[in-house]
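Written below as structure tokens is the structure these notes are about.
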There are 2 protein chains.
Amino acid sequence: MAVTLKQVAEGAGVSPQTVSNVLNKSLLVKPSTRARVEEVIEQLGYEPNFAARSLRRSHTRTLACILYQRTPEPEPDPYAALVQASISTAARAAKHDLLIHTLLSGEPGELRVLEAMFTQRRIDGAVLLASDLPDDVLGLLAAWPHPVVLLDRDAPESGLPYVAATYAEGVRAAVRHVHGRGRQRIAFVGGPPQPLNRGAQSRLTGYHAGMRECGLDVEEGYVVAGDWGYASGAAALRQLFELPEPPDAVVAANDRMALGALHAARALGLRLPHDLAVTGFGDLDFARYLHPALTTVDLPVQDMARAAVQLLLNAVAGEVKSVTHRVLPTRLVVRQSA
Amino acid sequence: MAVTLKQVAEGAGVSPQTVSNVLNKSLLVKPSTRARVEEVIEQLGYEPNFAARSLRRSHTRTLACILYQRTPEPEPDPYAALVQASISTAARAAKHDLLIHTLLSGEPGELRVLEAMFTQRRIDGAVLLASDLPDDVLGLLAAWPHPVVLLDRDAPESGLPYVAATYAEGVRAAVRHVHGRGRQRIAFVGGPPQPLNRGAQSRLTGYHAGMRECGLDVEEGYVVAGDWGYASGAAALRQLFELPEPPDAVVAANDRMALGALHAARALGLRLPHDLAVTGFGDLDFARYLHPALTTVDLPVQDMARAAVQLLLNAVAGEVKSVTHRVLPTRLVVRQSA
DNA sequence: TTGAAAGCGGTACCAC
DNA sequence: GTGGTACCGCTTTCAA
């Protein structure tokens, strides 16, 4: 059996309460008493029981990171993995533990398990990696009394706190960049149209904005939907090159699809970037090592994760007045692929 | 305030005990009573309080996935991310939650925080992603009374349960493969030599074994150490090509370093795979999309994760007699790079 | 089959 | 500054 507070109290010849005091508000305890108690704690190797503490304090110093996954997922998402790792770091910096949970979209009662984590008081708050979160669940989420922040998606109308990046601007910058390099027929490989989600949508918006600014028309068939996976990028490229007028540039909505496109282009015998420019989105670690090195849009993942945890902790603390969202800047990273 | 069991009891006109019974061993409850209680539960939206339950039952149905990271880490490890995701899936399948925690190697008291999770009864068990775990901590771990399983590293002498793969055989297969393709000067880019760790070591062993079987000598300077990161693979390759007799094949201990090597080789003007064959290890999702597509060694990550969770759950349940380790097969995946 | 009471290991609130 | 006591919400005896 593990050592309890009561045993420490006995060992130090004080009451349980006093031990509790040295553990928490140790200011109230006389130095000599505290010293004695601490010695016994050390000696017995006492550690407070987490469950008992949570029960009494009714919070757990535990946050959840919820991945909302489309099913079937083409493959694990390296970007999500990165975000998650960043959140983990941010959480630990704030002395909280992190529970990882994946919600499978379309699973019966998908959100119930998240809600249960709250009602069971298992977690104090959750950050939702929500790029694929359909708009209609936002209403449900907003109606909850539980602290939740959305990451990787905006949600201005829902009133939910969120952290996003300037996706549209990023894609726009990519379009303008390739246009500046002399490309005229610029296609776009986007995220899944179904269910409609904001992450995919804002990238698409950025594409259209960029095209407009460059005075380019969006040709028939130049917008193709992928599923964020490598293979879908390859498929999209093949589809584009069956068009009567294939593009001379492809702007992809993430790095994975960009790599897939690169791959398929090569299989078609295209010289890169001569025959086709390709840009990605996300700047995954491998991007700079590809051939050609991928021109892409950097997302400030670390900062976003930190901001999300910060916002979440505010919400947990019940600070209503504070900032409820952050939109961080993206940055075009020019390499060889475009 | 959340709904409590007592309120359910009142609502159903029974004692708290009876409610508890329908929640747990519902066999003991008369069907009609159970139905009534369940109705009230449903109606009130009752969920049992996690802390109270853990306190009473003295287990948490929570597992931890501990990443043991060298510091500084060159970049987030996509392989670790994959493993972690797989463990998460395996844990959820076993109806356990997963806490993610990163131990920074060299941090003062690195292991104390893990031990604290146990003594505070925060978790029931932990799987350690232990490929970079130095040998000397194994002794400490083995002395603990807490359920722990090592993933991605063997540890036969410690008595700790572990799940590993046939790393040496995988590398050996890669060496034999490139030799079969006519390569004679085969170099090896391995993991960090310091601190000495088994994952790196067994890959190196496999290299030597493979060379021996092929009747090849390991030339001076043909074994270079990386740190698992992309950049280190690139640096290793450059270093190899400063040798009087550069290799005509490079076997890398992971895919990231292989990609780095590919990149550096191209920068040197080498034609791939004509001038240089490169193999990786791990078969990350991007491997098949590289140019040239990466010949690599597949690791059964899903199976390993499942096995690890299984072993851990056995250990938690105190099943001493059961299997304490698993070594899963690797598989050479031949593509274009070698 | 059900209920009463004790207690898991802490913390809050009250006296002293 | 310190100790007594109730109680967080649930499960486990033990009786009824």
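By convention in this document, chain letters (A, B, ...) are assigned in the order of the sequence lines, proteins followed by strands, and residues within each chain are numbered from 1.
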Between [X] ([atom1]) and [N] ([atom2]), how many Å, whole number?
X: Q120(B); N: dG9(C); atom1: CD; atom2: C1'; result: 13 Å
X: N24(B); N: dG9(D); atom1: CG; atom2: P; result: 17 Å
X: L55(A); N: dC8(C); atom1: CG; atom2: P; result: 13 Å
X: K6(A); N: dC8(C); atom1: NZ; atom2: C1'; result: 10 Å
X: H59(A); N: dC8(D); atom1: NE2; atom2: P; result: 17 Å
X: L5(B); N: dC8(C); atom1: CG; atom2: C1'; result: 15 Å

Based on the rotation axes of five pairs at each end, what angle does the helix from dT1(C)-dA16(D) to dC16(C)-dG1(D) bend through, to 10°? 40°
Sugar-phosphate or base contact per nucleotide [nucleotides 2-7 of chain D; S, B, -; heavy atom under 4.0 Å]: SBB-BB
Look at the side chain of [X] and the backbone N and O of [Y], then say whether any donor-acceptor pair between them is shorter than 3.5 Å.
X: S58(A); Y: L55(A); answer: no
X: S20(A); Y: P16(A); answer: no
X: D77(B); Y: Y79(B); answer: yes
X: S54(A); Y: F50(A); answer: yes

Using side-chain heavy atoms (C-beta onward) and a distance below 4.5 Å, is S15(B) in contact with T18(B)?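 SC-SC contact between S15(B) and T18(B) confirmed.
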Would you give me the side-chain donor-acceptor pairs under 3.5 Å for residues 35-48 of chain A, sequence neighbours excluded?
| unit_1 | atom_1 | unit_2 | atom_2 | d |
| --- | --- | --- | --- | --- |
| R36(A) | NH1 | A12(A) | O | 2.4 |
| E47(A) | OE1 | Q120(B) | NE2 | 3.3 |

Taking only side-chain nitrogens and oxygens of S20(B), does any of them come within less than 4.0 Å of OP1 or OP2 of dC10(D)? no
Which atom of [X] lies closest to which atom of [Y], heavy atoms considered:
X: V19(B); Y: A9(B); answer: CG2-CA, 3.6 Å
X: L150(A); Y: A155(A); answer: CD2-CB, 3.7 Å
X: A165(B); Y: V327(B); answer: C-CG1, 3.8 Å

Indicate every side-chain donor-acceptor pair of residues 122-129 of chain A with a distance under 3.5 Å to a residue at least two apart or in another chain.
| unit_1 | atom_1 | unit_2 | atom_2 | d |
| --- | --- | --- | --- | --- |
| R122(A) | NE | D97(B) | OD2 | 2.6 |
| R122(A) | NH2 | T62(B) | OG1 | 2.4 |
| R122(A) | NH2 | D97(B) | OD2 | 3.0 |
| D124(A) | OD1 | T60(A) | N | 2.8 |
| D124(A) | OD1 | T60(A) | OG1 | 3.0 |
| D124(A) | OD2 | T60(A) | N | 3.2 |
| D124(A) | OD2 | R61(A) | N | 2.7 |

Sorted by number, the residues of residues 40-54 of chain A with heavy-atom contact under 4.0 Å to DNA chain C: Y46(A), E47(A), P48(A), N49(A), A52(A), R53(A)
For R92(A), which residues count as a side chain to side chain donor-acceptor pair (under 3.5 Å) partner, sequence neighbours excluded? H101(B)
